[in-house]
Amino acid sequence: MVQFHEHIITDLLEDSNGGLVVTSAGLGLHKLISSLFLLHHHSNGCLLILSATPPERASILQNYENALRSQISGEFPNLPSEITSDLPANQRLSLYNSGGILFITSRILIVDLLTHRIPTSAVAGLVILNAHSLSDTSTEAFIVRILRLTNLSLYVRAFSDRPHSMVSGFAKAERTLKCLFLRKLHLWPRFQVYVSQDLERDPPEVVDIRVPMSTYMIGIQKAVIEVMDACLKEMRKTNKVDVEDLTVENGLFKSFDEIVRRQLDPIWHTLGKRTKQLVSDLKTLRKLLDYLVRYDAVTYLKYLDSVRASESFRSVWIFAESSYKIFEYAKKRVYHFGRSDCGKVRLSKTASTKKRKLNDNKKDEDQSTSAESRVVLEEVLEEPPKWKVLLDVLREIQEERKKQASSGEEKDHLGDGDDNGIVLVACKDEYSCMQLEDCTTNGSQKVMREEWEKYLLSKVQLQALPKRNAKKAKEPKGIGVLDGVVAAPGKKAEVSSTNKQEHDALLAAASEISKRINKDIVGEDDNQKLVDDGGSVKGKGKGKKKKGSAGEKANNDVAPEANVPVFFPDKAMEDGCLNEVFLRKHDQGPDAESSRETKKLPPVVFYALESNKKILDILKPSTIIAYHPDIAFVREVEIYKAENPSRMVKVYFLFYEDSTEVQKFEASVRRENGAFESLIRQKSLMMIPVDQDGRCLGLDSSNEPQSIISQNLITRKAGGRREAEREMQVIVDMREFMSTLPNVLHRKGMRIIPVTLEVGDYILSPLICVERKSIQDLFGSFASGRLYHQVEMMSRYYRIPVLLIEFSQDKRFSFQSASDIGDDVTPNNIISKLSLLVLHFPRLRLIWSRSLHATAEIFASLKSNQDEPDEVKAIRVGVPSEEGIVENDVRAENYNTSAVEMLRRLPGVTDSNYRAIMDGCKSLAELAILPVERLAELMGGQKAAKMLREFLDAKYPTLL
């Protein structure tokens, strides 16, 4: 353990109530928590860990086992357990009483607390991770409030390693402390004195390598930044967003989307389509900058093609002045396309010879073909500059180790002498890891060749898909144009013609690759058949197969010589007056040399940063290469070196010079330091209310104003003395504890009874049942048809069924924009669907709620003159008994529900007349013998009566 972890634990133990710890990213927060576990004793009660993700739980358990292994020899005591919904209640109770360390979800814990399955005195403390995601309405705050009411000795320790999230919003840190009933805020930035002393006492050796970007990469980066700046200028013109946040540097981070949406969500329905599209475009442009330095040229071009196909004319950024450079430079990194020209493309003798071999019968025609009837597709396949630098660094590491081994300096270099020789390469994602591993194994040239062939084959697969009869695209209007610049029609037509020729050329090259692959597969099958059936010729067959495979491998892996074009005849291009396509392959040199070089590389392990796995303590590498530098991973390396001072650790940083990668890394450091400075200022100004014993009173400490009813009490009744208020009860379905509404209802003084309900989400009284829907859930329920069944069940068992449509407090209180509301009923319109639902169920009541707090007020008003619901009856509603009888089914008591459903499906029977038919006849048998005149009276028209009569009198068809 590093020393500053001991200081953090000492500060936490000073306050018996606990505290909130905010550290810089990567400072070993999981090791700190596992060290706290060592201080827990089962006699004090159980320790509950909340809000831990699966990777965090695995990391904490791993560090806890390592800490126990260093202190205890032999068998470990009981390790932390995990409580899931699969465990029955009696097993959960035994775990609670065991006094161990338990990982548990907030939903399971709050239900057990409300149902009194867990004794609150059995809980010694809570450890809450990811405290930056908490709010006053979160379930974790609900749990702490319930435990604080009955367990005064409870301690709560919350942790977060995202300081920038703790400063988003108004007084976020102070409100988090209040909702957890805490007083102490502990801040541990990287520049804290104890942290700096520990990490800088014996730092690792750092080699900062700045890799120059290629010319096309520089051009793409410059173009994307220009387009992003143009979009930000358009956003500033709307006067809807804080201008200080609209900078290119902020646009490099994912949190920029959250900042913009948080400001625009309350007025989202008032924004035009242009502004909404700009928000989406900024997200796309940030990805373009990120993927430029992360992936290879072919993968980047493939992503650009998908963006252009999906966004098309809807995007604003595509019509910016510099956007065409992004697509143009991305293509030039992969291939060059153009017409053959005698001055530019000169065919060598070998090329002419190869052409004659391919077309012996058309020798004279091919020689006389003009240069204007041919196009050239020249492969470039630009490799990422970092690939070559990475391979050079690995070779340098291997050479240094050989020199040290020969000179006998290895032990001095290794320090503790247990180095396994592994070089750790840290990448952003799994795709980069697999690609780099392939690059070090097979060579960069082969990797680029495979990516290029995959790209071409994807073109063929896309072409083979069935095409829909889509309408002709309209010309883009001013809404989709940035700065009012529109391409001239003539120029656009010319570009379109060139793009078609280029597309046809790519298809021609792809079809040739596809033919070659199919031919190779057929050849291998034939050779395999020869091997299997050869009998006495088996050895010869094997030799042939081996020779053929080697030849195919040579043809596939080794690029052709320079200036040797390959000709692919393409029938699809005859209409465009193009008879042949030249595919000039890129001269990359033989792969044999690169394969020999890979043998000289040290053992390499590639690690994806997005996996959040802590592998430094497992692999214990002495050499680390940060292929995609990340500030959190840098801190992890510093912690690793501080914990192993005798080990020599060397770290290589690979940055693209003058790139947004460097800018983003430096900006992340500035953002973190700025966030901690803001938290330090907030800490000095915080006002945390406490009671006479020094305990925090929480968010509900201030006296709320009395309601209007209490203010209008008649003073003649016992001098204005308030009557004893009865406790309101709300029966809540178990699945509703995924939301935060039960927490808000509990804060309003209502007793929450969690049960499993078959009908409804909330039971307010014996008559009122509420089905709660968020906006997103409402659309999904209409699409799946689930809402119709839910409303039908509520109408069957309760007199007042209620559909509650709840909005988010930080978003707009508008169901649809005015422009989206049509004049007529359409099957896809949500308003039309709601209207039809209310017409079909006349007793259904719709309630629109602005927020969670508004919903609590609505529930209180609905319950004001109602009886309290019965828990036992609510559980049995909709559940059939052993005899198949459903209790309290009002509809089943008066009618045969199966017969009613059949009646409503008969011709001529509608929602407006089926009730009159049910009142006029007792059964379907009686309906079948009614005359047309009587049917017309019941059904309200002669046409509907005739339709039903003809259906009932129709003869049943037979096979005789």
Does any N or O in the side chain of R183 come within less than 3.5 Å of the main-chain N or O of N17, such that one atom is a donor and the other an acceptor?
no

With the side chain counted from C-beta on, respond yes when V127 and L48 share a heavy-atom pair under 4.5 Å apart, and no when they do not.
no

Backbone N or O of I118 within a donor-acceptor pair of the D112 side chain at under 3.5 Å?
no

Are any side-chain N or O atoms of S138 and backbone N or O atoms of L134, one a donor and one an acceptor, separated by less than 3.5 Å?
no

May I ask you to check whether E56 and S59 show a side-chain donor-acceptor distance below 3.5 Å?
no

Value rounded to 0.5 Å, distance of CE in M728 from CD1 in I752
12.0 Å

Polar side-chain atom of K863 near backbone of L764 as donor-acceptor pair, under 3.5 Å
yes

Expected list for residues 156-163: side-chain donor-acceptor pairs under 3.5 angstrom, two or more places apart:
unit_1: S160; atom_1: OG; unit_2: H132; atom_2: ND1; d: 2.9
unit_1: S160; atom_1: OG; unit_2: R162; atom_2: N; d: 3.3

Under-4.0 Å salt bridge between E758 and R876
no

Answer yes or no: is there a donor N or O on one side and an acceptor on the other, between the side chain of N151 and the main chain of T120, under 3.5 Å?
yes

More than 12 foreign heavy atoms under 6.0 Å from CZ of R786: is that the case here?
yes

Let me confirm one number: the CZ-CG distance from R117 to L93, rounded to the nearest 0.5 Å.
10.5 Å

Side chains of P801 and C769: does their closest heavy-atom pair fall under 4.5 Å?
no

Go through it in stages, so that I can follow the logic: the residues are F807 and S774, the test is side chain to side chain contact (heavy atoms under 4.5 Å, CB included), and I'd like the CA-CA distance, side-chain angles, deciding distance and then a yes or no.
CA-CA 6 Å; F807 291 76; S774 62; over 6 Å; no

Under 30°, 30 to 60°, or over 60°: which ring-plane class applies to F103 and F37, parallel, tilted or perpendicular?
perpendicular

Is D136 paired with R175 through a side-chain N to carboxylate O contact shorter than 4.0 Å?
yes

Are more than 12 heavy atoms, taken from residues, nucleotides or ligands other than M738, located less than 6.0 Å from that residue's CE atom?
no

Return yes if a side-chain donor-acceptor contact under 3.5 Å exists between D15 and Y155, otherwise no.
no

Quick one: does R843's side chain have a donor or acceptor within less than 3.5 Å of a partner on Y798's backbone?
yes

Between the side chains of S781 and K773, is a donor N or O closer than 3.5 angstrom to an acceptor N or O?
yes

Derivation and outcome, side chain to side chain contact (heavy atoms under 4.5 Å, CB included), residues V770 and F859:
CA-CA 10 Å; V770 179; F859 280 10; 4.1 Å; yes

Could you go through the ring-ring contact (aromatic ring centres under 6.0 Å, His included) check for F841 and Y788 one step at a time?
CA-CA 9 Å; F841 300 100; Y788 177 89; 5.3 Å; yes

Please determine, by modelled atom types, if E140 and S51 share a side-chain donor-acceptor pair under 3.5 angstrom.
yes

So with a 6.0 Å cut-off around NE2 of H789, is the heavy-atom count from everything else above 12?
no

Just by modelled atom types, is the Q277 backbone N or O under 3.5 Å from a matching donor or acceptor in the S280 side chain?
no

To the nearest 0.5 Å, atom CD1 of I110 lies from atom CZ of F737 at 6.5 Å

Hits for side chain to side chain contact (heavy atoms under 4.5 Å, CB included) against L87, two or more places apart or cross-chain, chain-then-number order -> I83, T84, Q91, R92, L95

Between the side chain of S849 and the main-chain N/O of E806, is any donor-acceptor distance below 3.5 Å?
no

Can you tell me if H40 uses its side chain to pair, donor with acceptor, with the backbone of C46 under 3.5 Å?
no

Contact between V802 and I768 at the side-chain level, heavy atoms closer than 4.5 Å - yes or no?
yes

